[in-house]
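Starting from 1, each residue takes its place in the sequence as its number. Keep in mind the model is a prediction, meaning the values are calculated, not measured.
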Amino acid sequence: MEAPQASVAIATHTALPAGDGGIPTGLLELELSLDSFSGGTDDFSDFVRSVADSSGGEFLFALPASDLIEDCQSIAVLRLSEAESETSILFACLDKDGTSIRVEHPGDSTRDLQRFAESFVGLLERM
């Protein structure tokens with residue numbers, strides 16, 4: 001008799017930016033906290049804002065994804081400090097079902113959104 005074989009699904013994520021190879025603590029805390037999302041498009045922005053604040057990040061703004069990122073209906077743009085003076089822009093993406101949130105790093109298709117976010121931060125810092 002042959003034993004049944006299990007199949008394994010492999011999840012893929014956007015690669016982390018080049019660095020020392022370690023995942024920054026703030027990013028890890030952010031991702032773990034976002035996993036506790038219980039669903040609902042109405043709660044998305046408030047939930048991400050709260051998680052960003054408690055993880056040492058900043059919620060910048062949210063907008064409809066408009067097919068900018070695959071399987072995403074809304075994007076929350078965050079700024080996370082990685083080192084003393086180094087910060088990065090991240091995208092918290094609400095999936096099309098409205099049930100889970102994942103973190104995406106800027107890529108080729110989101111480079112313009114990243115630049116806009118960086119300009120937005122520059123404007124806020126001047127005020």
Side-chain angles (χ1 to χ4, degrees):
M1 180 186 276
E2 240 178 80
Q5 293 197 359
S7 63
V8 176
I10 299 173
T12 58
H13 294 278
T14 304
L16 288 171
D20 64 356
I23 297 174
T25 306
L27 176 59
L28 184 60
E29 184 178 337
L30 178 75
E31 289 199 32
L32 290 173
S33 296
L34 289 174
D35 281 344
S36 67
F37 183 65
S38 60
T41 55
D42 294 337
D43 300 330
F44 172 68
S45 293
D46 290 334
F47 178 78
V48 174
R49 181 185 309 273
S50 174
V51 167
D53 289 345
S54 66
S55 300
E58 292 176 75
F59 176 94
L60 300 176
F61 55 88
L63 68 159
S66 303
D67 294 324
L68 189 61
I69 297 176
E70 189 177 331
D71 186 33
C72 180
Q73 66 172 284
S74 294
I75 302 170
V77 180
L78 310 172
R79 183 170 78 155
L80 188 65
S81 297
E82 294 178 356
E84 301 239 348
S85 62
E86 195 174 323
T87 61
S88 63
I89 300 295
L90 301 170
F91 307 125
C93 304
L94 178 64
D95 70 0
K96 292 227 182 216
D97 296 332
T99 58
S100 65
I101 301 171
R102 70 182 185 279
V103 174
E104 294 276 339
H105 295 271
D108 292 337
S109 65
T110 57
R111 200 63 67 200
D112 289 337
L113 181 56
Q114 177 189 13
R115 288 187 194 114
F116 178 79
E118 290 167 347
S119 295
F120 181 78
V121 168
L123 178 65
L124 290 176
E125 288 176 344
R126 290 185 188 149
M127 294 177 102

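Residues satisfying the salt bridge (charged side-chain N to carboxylate O under 4.0 Å, His left out) test with D97, not counting sequence neighbours, are none. Evaluation of the salt bridge (charged side-chain N to carboxylate O under 4.0 Å, His left out) rule for D112 yields R115 as partners, not counting sequence neighbours. Every residue two or more places apart in sequence or in another chain that forms a side-chain contact (heavy atoms from CB on, under 4.5 Å) with F120 is listed here: L60, F61, L124. When the side-chain contact (heavy atoms from CB on, under 4.5 Å) test is applied to E70, no partner is found at least two apart in sequence or on another chain. Remark: R49 pairs with no residue by the salt bridge (charged side-chain N to carboxylate O under 4.0 Å, His left out) rule, at least two apart or across chains. Take S50 and apply the side chain to side chain donor-acceptor pair (under 3.5 Å) test, not counting sequence neighbours, and it matches no residue. Residues meeting the side-chain contact (heavy atoms from CB on, under 4.5 Å) test with S33, sequence neighbours left out: E29, V51, S55. Judged as a side chain to side chain donor-acceptor pair (under 3.5 Å), and not counting sequence neighbours, S54 has no contacts. Residues that satisfy the side chain to side chain donor-acceptor pair (under 3.5 Å) test with Q73, not counting sequence neighbours, are absent from this structure. Under the rule for a salt bridge (charged side-chain N to carboxylate O under 4.0 Å, His left out), the partners of E58 that lie at least two apart in sequence or sit in another chain are R79. Taking R126 as the reference, nothing meets the side-chain contact (heavy atoms from CB on, under 4.5 Å) condition, with sequence neighbours excluded.
Across all non-hydrogen atoms, the minimal contact from L68 to S109 is CD1-O, 3.3 Å. The two residues G57 and L80 have their closest heavy-atom pair at CA-CD1, 3.8 Å. Nearest heavy-atom pair, S36 versus F47, reported as atom, atom and distance to 0.1 Å: OG-CZ, 3.6 Å. Closest non-hydrogen pair, F44 versus S74, comes out as CE2-CB, 3.7 Å. Residues C72 and A65 share a closest heavy-atom pair of O-CB, 3.1 Å.
Residues T99 and F37 form no side-chain contact, since every pair of their non-hydrogen atoms from C-beta on lies 4.5 Å or further apart. Residues V48 and L94 form no side-chain contact, since every pair of their non-hydrogen atoms from C-beta on lies 4.5 Å or further apart. Side-chain atoms of L90 and E104, non-hydrogen and from C-beta on, never get closer than 4.5 Å to each other. Residues L78 and V103 form no side-chain contact, since every pair of their non-hydrogen atoms from C-beta on lies 4.5 Å or further apart.
The hydrophobic cluster containing I69 does not contain L30, counting ILVMFWY residues as joined when their side-chain heavy atoms lie under 4.5 angstrom apart, directly or transitively. Connection of F59 to L63 is not established within any shared hydrophobic cluster, with ILVMFWY side chains joined at heavy-atom distances below 4.5 Å, either directly or through further cluster members.
Between the CD1 atom of I101 and the CD1 atom of I75 there is a distance of 12.5 Å, given to the nearest 0.5 Å.
For residues 35-44, the set of pairs meeting the salt bridge (charged side-chain N to carboxylate O under 4.0 Å, His left out) definition, not counting sequence neighbours, is empty.
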